[in-house]
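The block underneath contains the structure these notes are about, expressed in structure tokens.
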Amino acid sequence: MPSFLEARNLILANVPLLGQERVLISDAVGRILAEDVTATWDMPRWTNSAMDGYAVRSQDCQKPTRLEVIDFIPAGGGSDKTVEPGTAIKIMTGAPLPAGADAIVPVEETAEEGHLVHVQKTVKAHAHVRVKGEDVKQGECVVPRGTLLRPAEIGMLASYGKVFVPVYRKPRVAILSTGDELVELGETLSEDRIINSNSLALVASLKEIGAEPVVLGIALDNRASHIEKISEGLKADALITSAGVSTGDRDFVRSVLEELGVKPVFWKVDIKPGRPTTFAMREGTPVFSLPGNPVSTMVTFEELVKPALLKMMGHTKVIKQEIEAVLESDLTKKRLGVLNFQRVNIRLQDGCYFASCSGDQNTGILKTMVRADALALLPEDKDVFKVGEKVKVHLLSSQVGMSEM
Ligand SMILES: Nc1nc2c(c(=O)[nH]1)N[C@H]1C(S)=C(S)[C@@H](COP(=O)(O)OP(=O)(O)OC[C@H]3O[C@@H](n4cnc5c(N)ncnc54)[C@H](O)[C@@H]3O)O[C@H]1N2
Ligand code: MOO
Ligand SMILES: [Mg+2]
């Protein structure tokens with residue numbers, strides 16, 4: 001049975017990189033850039049003013065002085081005049097620096113006196129001047145392949161005139177729940193049934209990372225139903241099943257996967273929760289079979305499936321950083337010899353992370369997953385972790401580090 005790291009590496013080594021498509025830049029936020037984008041010109045494109053003020057010769061302004069204003073340059077304008085000794089040109093932010101000038105005096109440091117300007121302070125060479133190419137040089141890579149496109153990247157690409165951008169295709173990920181006890185959300189819920197909540201949680205997890213869920217519904221606990229639904233799921237870019245993967249008399253997932261020619265990479269992983277997690281490949285299609293306990297489904301998605309999908313989507317950063325946190329409550333493992341992911345709350349104070357238990361760690365307890373900000377990784381060789389000790393955590397929440405109003 002592989003360890004957690006072995007399992008994650010096996011998954012990452014097997015999953016394919018998806019193809020590319022071109023999308024309108026206005027639809028590209030959250031997508032992953034599929035090609036390096038290089039600058040086709042210098043940025044800024046011309047040397048220009050960073051302030052509303054006057055373009056001057058700095059050597060004229062080594063003490064308070066009066067200069068003759070010979071022209072005006074708005075943004076988008078220009079001047080064919082040269083700033084000669086004793087003169088200045090009024091200039092607005094972004095307008096090109098006129099010939100002869102080497103500095104800008106902000107309007108606040110001047111007073112207008114008819115056709116003269118009184119420069120009240122000394123001016124250093126290059127003050128408030130933005131030099132052509134100081135931001136980006138032509139030919140420089142401005143956004144590398146594999147970058148998540150956020151507003152900053154979109155702005156940069158737009159400033160180079162990109163209307164369409166090459167991005168990786170979104171994976172279509174099939175989700176299949178198994179179990180006779182399940183009914184779909186919105187259907188009549190009789191006494192002996194539970195709602196197929198895993199499907200909704202997985203849809204949410206996929207949407208959160210920008211993958212496209214394909215909901216297959218429920219396979220009943222018989223081979224025929226599993227064969228039909230799993231065959232359908234194998235048409236997607238990846239398939240995630242939940243439940244029916246352990247050793248129960250009605251756990252059919254593994255045997256049906258084999259029957260359908262899906263090649264197992266591993267059947268189990270040495271982690272808790274999530275021990276029965278199965279990973280298999282059918283040609284280029286990865287199949288993740290996650291245990292059915294809702295907490296186990298979520299933890300295994302987070303730790304094993306998410307990195308794989310991120311890789312398929314072209315992300316270059318796919319593995320969660322391990323953050324060290326100081327324990328504010330004891331954490332105890334039930335069993336030595338297995339890596340345990342425990343649900344914890346995180347407090348960030350003065351740059352230091354503090355972790356405390358979010359409650360009952362049984363895999364049947366969903367409430368503590370709802371409350372958790374992170375998963376603490378409790379290593380195989382130890383079972384009690386005391387207040388003040390440091391543990392490694394993987395953050396779950398983007399709200400860590402945010403403050404209340
Ligand atoms: N004798 C053994 N029994 C079990 C073992 C074992 O090693 N030996 N492993 C346990 C562990 S660990 C886990 S985890 C579960 C995994 O079970 P399955 O993946 O086969 O899942 P099921 O048995 O079908 O269901 C488990 C649990 O989850 C509920 N469930 C299932 N699907 C959904 C859904 N879509 N939405 C919400 N809840 C769901 C289901 O009703 C069960 O309560 O096996 C242990 N047993
Ligand atoms: O491994 Mo199971 O997922 O412990 O609950
Ligand atoms: Mg079972």
Side-chain angles (χ1 to χ4, degrees), residues 1-4 7 173-187 189-206 213-223 225-226 229-230 233 239-258 264 266-280 287-305 332-343 359-370 372 375-378 380 383:
M1 190 183 344
S3 67
F4 166 61
V173 183
I175 298 171
L176 176 63
S177 298
T178 75
D180 284 347
E181 74 276 33
L182 304 176
V183 294
E184 296 294 13
L185 179 67
E187 285 178 0
L189 185 63
S190 51
E191 284 294 318
D192 53 356
R193 293 287 181 267
I194 61 168
I195 294 171
N196 174 15
S197 62
N198 282 349
S199 179
L200 278 301
L202 287 170
V203 166
S205 298
L206 292 173
V214 179
V215 179
L216 298 176
I218 299 163
L220 297 176
D221 284 334
N222 63 66
R223 300 185 73 79
S225 182
H226 274 60
K229 293 282 191 183
I230 289 177
L239 167 63
I240 304 175
T241 69
S242 91
V245 80
S246 188
T247 51
D249 293 358
R250 299 245 172 117
D251 289 340
F252 292 116
V253 170
R254 287 177 182 158
S255 62
V256 167
L257 286 176
E258 280 199 300
F266 54 78
W267 288 126
K268 284 183 176 184
V269 192
D270 209 359
I271 55 175
K272 178 80 185 170
R275 196 176 163 88
T277 303
T278 291
F279 173 64
V287 180
F288 306 90
S289 291
L290 311 182
N293 286 321
V295 171
S296 310
T297 311
M298 288 178 205
V299 169
T300 51
F301 179 90
E302 202 57 36
E303 296 293 345
L304 294 169
V305 184
T332 312
K333 260 170 41 179
K334 277 195 185 146
R335 201 160 63 79
L336 266 175
V338 62
L339 176 72
N340 194 183
F341 293 101
Q342 293 210 354
R343 289 146 258 166
D360 191 336
Q361 296 295 320
N362 211 301
T363 50
I365 308 295
L366 191 52
K367 197 164 61 185
T368 47
M369 188 71 193
V370 169
L375 297 170
L377 284 73
L378 305 186
E380 292 80 348
D383 57 355

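One-based numbering, in listed order, for ligands and for the atoms of each.
- With respect to atom 35 (N) of ligand 1, the closest heavy atom belonging to the protein is N196 OD1, 2.9 Å.
- Heavy-atom proximity to P294, at under 4.0 Å, picks out these atoms of ligand 1: 37 (C), 38 (N).
- At least one donor-acceptor pair under 3.5 Å links the side chain of S255 to the backbone N or O of F252.
- Interface atoms of ligand 1 facing E181, defined by a heavy-atom separation under 4.0 Å, are 31 (C), 40 (C), 41 (O).
- Inclusion of S246 in the set of residues having an N or O under 3.5 Å from an N or O of ligand 1 is warranted.
- Here the shortest heavy-atom pairing between P276 and R254 reads O-NH2, 2.9 Å.
- Heavy atoms of D251 found under 4.0 angstrom from ligand 1 belong exclusively to the side chain.
- To the nearest 0.5 angstrom, L189 atom CG is 9.0 Å from I194 atom CD1.
- When each atom of ligand 1 is checked for a heavy atom of I195 under 4.0 Å away, the hits are 36 (N), 37 (C).
- Looking from atom 1 (O) of ligand 2 to the surrounding protein, the closest heavy atom is G274 N, 2.6 Å.
- Considering backbone and side-chain N/O of K272, none are found under 3.5 Å from N/O of ligand 1.
- The closest protein non-hydrogen atom to atom 4 (O) of ligand 2 is K272 NZ, 2.5 Å.
- Within the 4.0 Å heavy-atom criterion, the part of T247 lying near ligand 1 is the side chain and not the backbone.
- The distance from ligand 2 to the heavy atoms of P291 drops below 4.0 Å at these ligand atoms: 3 (O).
- To the nearest 0.5 angstrom, T277 atom OG1 is 6.0 Å from L304 atom CG.
- Between S199 and ligand 1, not a single N/O pair is under 3.5 Å apart.
- Both the backbone and the side chain of P273 come within 4.0 Å of ligand 2, counting heavy atoms alone.
- Under the 3.5 Å distance criterion, the side-chain polar atoms of Q361 are matched with a main-chain donor or acceptor of R343.
- At a heavy-atom cutoff of 4.0 Å, ligand 1 is contacted by the side chain of L182 but not by its backbone.
- Crowding of R250 atom CZ: a count of heavy atoms from other residues, nucleotides or ligands under 6.0 Å not exceeding 12.
- Formation of a donor-acceptor pair under 3.5 Å by the E302 side chain with backbone atoms of L375 is not found in this model.
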Requested in this report: Show your reasoning for whether side chain to side chain donor-acceptor pair (under 3.5 Å) applies to T241 and S289.
Outcome: CA-CA 5 Å; T241 69; S289 291; 2.8 Å; yes
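- The shortest contact between atom 27 (C) of ligand 1 and any protein heavy atom is with N293 OD1, 3.1 Å.
- Any N or O atom pair closer than 3.5 Å counts here, and G292 shares at least one such pair with ligand 1.
- No donor-acceptor pair closer than 3.5 Å links the side chain of N362 to the backbone N or O of I365.
- For atom 33 (C) of ligand 1, the closest heavy atom belonging to the protein is N198 ND2, 3.3 Å.
- Residue contact check: P291 has heavy atoms under 4.0 Å from atoms 14 (S), 16 (C), 19 (O) of ligand 1.
- The structure places CG of D270 at 11.5 Å from NZ of K272, a figure rounded to the nearest 0.5 Å.
- Residue S242 approaches ligand 1 through these ligand atoms, each under 4.0 Å from one of its heavy atoms: 35 (N).
- Listed by number with element, the atoms of ligand 2 under 4.0 Å from a non-hydrogen atom of S296 are 2 (Mo), 3 (O), 5 (O).
- Between A201, S177, G244, S296, it is G244 that holds the heavy atom closest to atom 18 (P) of ligand 1.
- Looking from atom 32 (N) of ligand 1 to the surrounding protein, the closest heavy atom is A243 CB, 3.5 Å.
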Report task. Dump the intermediate steps for side chain to side chain donor-acceptor pair (under 3.5 Å) on S177 and N198, then the final yes or no. Result -> CA-CA 7 Å; S177 298; N198 282 349; 5.9 Å; no
